[in-house]
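Throughout, numbering of the chain's residues begins at 1 and tracks the sequence.
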Amino acid sequence: MRHRARTDATQAEVVKALRAIGASVYYLKLPVDLLVCHRKETMLVEVKTEEGTLTSVQKEFLETWPGRVHIVRGPLEAVNAVLGSELMK
């Protein structure tokens with residue numbers, strides 16, 4: 001399977017899972033894949049395959065971005081990142 005096809009499939013699964021928990025999701029692509037809002041908390045989400053790595057542009061962006069950013073490798077990881085401490089309740 002092509003790398004891009006794996007990335008697209010993973011991203012689609014992540015978006016579906018995040019929307020299932022009530023998150024709003026907007027596709028960005030650059031510098032990261034997704035803008036996500038859940039319960040009035042906004043964060044950026046970069047979706048990578050298991051083998052995926054950050055580009056130099058993404059690394060530079062993440063070093064300077066002051067807000068929440070999650071790098072996830074699948075839907076469960078994305079849901080856990082967005083829900084965070086809510087899982088402990």
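- Linking ILVMFWY residues whenever their side-chain heavy atoms come closer than 4.5 Å, directly or via other members, leaves V47 and Y26 in distinct clusters.
- No continuous path of ILVMFWY side-chain contacts below 4.5 Å connects Y27 to V57, so the two sit in separate hydrophobic clusters.
- Tracing side-chain contacts under 4.5 Å through hydrophobic residues (I, L, V, M, F, W, Y), one reaches W65 starting from L54; they form part of the same cluster.
- Side-chain contact of Q58 with K48: a donor-acceptor pair under 3.5 Å is present, judged by distance alone.
- Paired with C37 under the rule side-chain contact (heavy atoms from CB on, under 4.5 Å), one option of L18, T42, V25 passes, and it is T42.
- Atom CZ in R39 sits 7.5 Å away from atom CG in L83 (nearest 0.5 Å).
- Remark: the backbone N or O of G52 is paired with a side-chain donor or acceptor of R73 at under 3.5 angstrom.
- Side chain of R19 to backbone of S24: no donor-acceptor contact under 3.5 angstrom is found.
- In the hydrophobic clustering of this structure, L34 does not group with I71; members are Ile, Leu, Val, Met, Phe, Trp, Tyr whose side-chain heavy atoms approach within less than 4.5 Å, directly or through other members.
- M43 and V79 fall within a single hydrophobic cluster, where Ile, Leu, Val, Met, Phe, Trp and Tyr side chains are chained together by heavy-atom contacts under 4.5 Å.
- Separating the CG atom in N80 from the CD atom in E77 is a distance of 8.0 Å, to the nearest 0.5 Å.
- Side-chain atoms of D33 and V14, non-hydrogen and from C-beta on, never get closer than 4.5 Å to each other.
- In this structure, V36 and A23 approach most closely via the heavy-atom pair CG1-CB, 3.9 Å.
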side-chain contact (heavy atoms from CB on, under 4.5 Å) between L44 and L35: does it pass, once the steps are laid out? CA-CA 5 Å; L44 300 173; L35 174 64; 3.8 Å; yes
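- For the residue pair A81 and V72, the shortest heavy atom distance occurs at CB-CG1, 4.2 Å.
- Between V82 and H38, the closest heavy-atom pair is CG1-CB, 3.6 Å.
- Residues E46 and H70 form no side-chain contact, since every pair of their non-hydrogen atoms from C-beta on lies 4.5 Å or further apart.
- Taking CG from L30 and OG1 from T55, the interatomic distance works out to 7.5 Å, rounded to the nearest 0.5 Å.
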